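Some notes on the structure that comes next.
Everything quoted here is computed from the prediction, not taken from an experiment. First the proteins, then the strands, lettered A, B, ... as listed; each starts at 1.
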Amino acid sequence: MSMASADEIYISIKGKGGHAASPHLTADTVLIASHIVISLQQIVSRNNNPTNPTVLSITAINGGNTTNVIPGEIKLMGTFRAMNEEWRFKAHELIKKHVVQLAETMGATAEIKIDVGYPFVLNDEGLYKVARKNGEEYIGADNVETTELRMGAEDFGYYTHHIPGCFFRLGVGNIEKGIVSNVHTPTFNIDEQGIEIGMGVMAWMATS
Amino acid sequence: MLKEKIKQLAKQYAAEFIEVRHHLHANPELSYAEFKTSAFIQNKLMQLGIPFEVKATTGVVGLIKGKNPNSKVIALRADMDALPIQEENDVPYKSKNDGVMHACGHDVHTTCLLGAAKILNELKEEWEGTVKLIFQPGEEKNPGGASLMIKDGVLENPKPQSIFALHVHPVCHWVS
């Protein structure tokens with residue numbers, strides 16, 4: 001199973017605010033921000049090779065607090081995820097260009113910061129085969145499955161860009177026992193029978 | 001056969017390590033502040049007689065040498081930080097730290113690696129090479145504890161040929 005790189009996007013759009021009844025005397029930061037949110041999806045759908053997993057989500061729009069004032073600033077936040085380092089950094093430049101130039105064209109200015117986070121998890125093909133074989137030997141082929149790509153991120157990715165790595169999952173849910181909450185929720189828990197398997201499988205991975 | 005011996009020991013020690021998990025689960029710490037967790041891990045390794053180094057402030061790196069220890073080096077990695085979430089589970093080992101919870105299973109990852117360490121150490125006359133145990137801080141928060149551990153030399157002296165990590169998977173079958 002592979003996981004994505006994750007970078008954080010912070011945008012500030014600044015323009016001359018003013019009376020909402022006189023937009024011609026302002027640079028409408030709300031409208032400009034809206035254009036930017038939509039335009040950024042073009043990078044995912046048009047610049048990216050469609051076979052290459054990529055997600056760009058704008059997750060916050062903040063600014064303004066009443067009906068008749070065009071605000072002087074709108075702030076956006078979001079996340080950019082990919083599974084290819086070359087495309088990842090090319091996309092950063094495209095994102096910055098879209099934001100800065102679109103804002104400028106529409107009479108405002110934009111500042112953008114992209115905080116570079118974890119690289120994608122590169123599961124080594126050979127090690128994946130070893131891990132799968134080890135898992136099948138330890139708990140039986142029926143109990144091993146290959147999971148799908150996920151666009152979540154894991155800092156294990158750092159190791160895998162230095163040496164061959166393999167990230168694998170230990171099933172810990174149990175529907176019959178009502179252990180079904182997902183990770184990152186206040187009710188997440190595990191079926192503790194999994195611990196015996198987890199510690200044994202880890203030992204077995206290291207010795208074979 | 002080695003696999004059967006590992007299974008036997010995993011079964012024998014399961015209850016002990018479920019208790020380890022309860023302790024870690026009840027005492028979660030946020031990213032880069034895993035001081036008690038780090039001390040707990042160091043103490044466990046000391047009890048097992050496994051040499052270790054501290055890296056990136058709260059990270060712990062242990063080494064177990066099997067037969068022909070220079071023939072290969074395999075790394076096993078676990079993360080150890082918790083999340084800023086208020087636990088709602090009604091269990092005896094519920095988080096004692098308000099607003100902090102092991103909601104991503106890093107308590108389980110650390111437990112499984114400690115359990116594997118005990119098994120590997122006991123069987124070290126029966127497998128080849130060296131196993132590097134990596135307990136890392138700060139998986140949940142940039143810049144990522146892995147990057148700090150690498151800067152602090154975790155992938156050198158000795159350099160592992162490969163690295164494995166286990167992560168809990170809360171559903172039996174994958175749903176997206």
Output for pair (B/F164 CZ, A/F156 CZ), nearest 0.5 Å, gives 8.5 Å
Minimal heavy-atom distance between B/K7 and A/E137, with the atoms involved, is NZ-O, 4.5 Å
Does the separation of the ring centres of A/F168 and B/H167 fall below 6.0 angstrom? no
* Asked: Are A/M202 and B/L120 close enough, and set up right, to give a side-chain contact (heavy atoms from CB on, under 4.5 Å), and what steps lead you there?
  -> CA-CA 9 Å; A/M202 278 199 116; B/L120 289 167; over 6 Å; no
Honestly, the part of A/E8 sitting under 4.5 Å from a heavy atom of chain B is side chain
Answer key: most heavy-atom pairs under 4.5 Å with chain A among B/Q12, B/Q86, B/E88 is B/E88
Answer key: most heavy-atom pairs under 4.5 Å with chain B among A/S181, A/A203, A/P186, A/G198 is A/P186
If one checks every heavy atom of A/A153 against chain B at 4.5 Å, the contacting part turns out to be backbone
Applying a strict 4.5 Å limit to non-hydrogen atoms, the region of A/T160 in contact with chain B is neither
When you look at A/H162 and B/I150, which way does the side-chain contact (heavy atoms from CB on, under 4.5 Å) test go after all the steps?
-> CA-CA 9 Å; A/H162 284 85; B/I150 293 168; 3.8 Å; yes
So OG1 of A/T187 and CD1 of B/I85: to nearest 0.5 Å the spacing works out to 9.5 Å
When the 4.5 angstrom heavy-atom criterion is applied to B/I18 and chain A, the contacting part is both
Run the numbers on A/D155 and B/Q136 for side-chain contact (heavy atoms from CB on, under 4.5 Å), then give the verdict.
CA-CA 10 Å; A/D155 84 342; B/Q136 70 149 79; 2.9 Å; yes
The interface call for B/I6 against chain A, heavy-atom contacts under 4.5 Å, is both
Does a sphere of radius 6.0 Å around NZ in A/K129 hold more than 12 heavy atoms from other residues, nucleotides or ligands, not counting ones at 6.0 Å or beyond?
no
Okay, B/I163 and chain A: the region with an atom under 4.5 Å from a heavy atom over there is both
Cut-off 4.5 Å, heavy atoms of chain A, and the answer for B/V20 is neither
Rounding to 0.5 Å, atoms CD1 (A/I163) and NZ (B/K159) come to a distance of 7.0 Å
*asked:* Contact between A/R169 and B/V168 at the side-chain level, heavy atoms closer than 4.5 Å - yes or no?
replied: no
task = Assess whether atom CG of B/D98 is packed by more than 12 heavy atoms of other residues, nucleotides or ligands within 6.0 Å.
result = no
When you look at CD1 of A/I61, are more than 12 heavy atoms from neighbouring residues, nucleotides or ligands closer to it than 6.0 Å?
-> no
Next on the checklist: Please determine whether side-chain contact (heavy atoms from CB on, under 4.5 Å) holds for the pair B/M149 and A/Y159, giving the CA-CA distance in whole Å, both sets of side-chain angles, and the decisive distance to 0.1 Å.
Outcome noted: CA-CA 9 Å; B/M149 295 292 278; A/Y159 302 109; 4.1 Å; yes
Applying a strict 4.5 Å limit to non-hydrogen atoms, the region of B/E139 in contact with chain A is both
Rounded to the nearest 0.5 angstrom, the CD1-CD distance for A/I195 and B/E16 is 11.5 Å
Ranking A/E192, A/Q193, A/M205 by heavy-atom pairs under 4.5 Å to chain B gives rank one to A/E192
So OH of A/Y158 and CG of B/L155: to nearest 0.5 Å the spacing works out to 13.5 Å
B/H169 versus A/V172: any side-chain heavy-atom pair under 4.5 Å?
no
Comparing B/A14, B/P160, B/G115, B/S147 against chain A, the one with the most heavy-atom pairs below 4.5 Å turns out to be B/S147
Is atom CD of B/E4 surrounded by more than 12 heavy atoms (other residues, nucleotides or ligands) closer than 6.0 Å? yes
Given B/L83, B/L113, B/D79, B/L9, the one with more heavy-atom pairs under 4.5 angstrom with chain A than any other is B/L83
When the 4.5 angstrom heavy-atom criterion is applied to A/T207 and chain B, the contacting part is both
Most contact-rich option vs chain A, by heavy-atom pairs under 4.5 angstrom, among B/K11, B/H109, B/E87, is B/K11
Cut-off 4.5 Å, heavy atoms of chain A, and the answer for B/R77 is both
Within 45 degrees of the axis of the six-membered ring of A/Y138 and under 6.0 Å from its centre: does B/K3 put its NZ or CZ there?
no
Turns out that what part of B/H22 lies under 4.5 Å from chain A's heavy atoms comes down to side chain
Honestly, the part of A/I197 sitting under 4.5 Å from a heavy atom of chain B is neither
Of B/V131, B/I74, B/L76, B/D107, the largest count of non-hydrogen pairs under 4.5 angstrom with chain A goes to B/L76
Residue B/D90 excluded, over 12 heavy atoms near CG under 6.0 Å:
no
Interatomic distance, CZ@A/F188 vs CE@B/M101, rounded to 0.5 Å, equals 7.5 Å
Honestly, the part of B/K141 sitting under 4.5 Å from a heavy atom of chain A is backbone
| query | Tell me, do A/H184 and B/C104 make a side-chain contact under 4.5 Å, heavy atoms counted? | reply | yes
Whatever's closer than 4.5 Å to a heavy atom in chain A on B/K132 counts as neither
Note to self: Within the supplied structure, the quantity of interest is the number of heavy atoms (other residues, nucleotides, ligands) at a distance under 6.0 Å from A/K90 NZ; does it exceed 12?
What the structure shows: no
Between A/L170 and B/C112 the two heavy atoms that sit nearest each other are CD2-SG, 4.4 Å
Nearest heavy-atom approach of B/N142 to A/G117 is OD1-CA, 3.8 Å
Does the A/N189 side chain pair with the main chain of B/N89, one donor and one acceptor, at a distance under 3.5 Å?
no
Tightest non-hydrogen contact, residues A/Y118 and B/P143, listed as CE2-O, 3.6 Å
Do other residues, nucleotides or ligands put more than 12 heavy atoms under 6.0 Å from B/Q161 CD? yes
Under 4.5 Å to a heavy atom of chain A? For B/K118 that would be neither
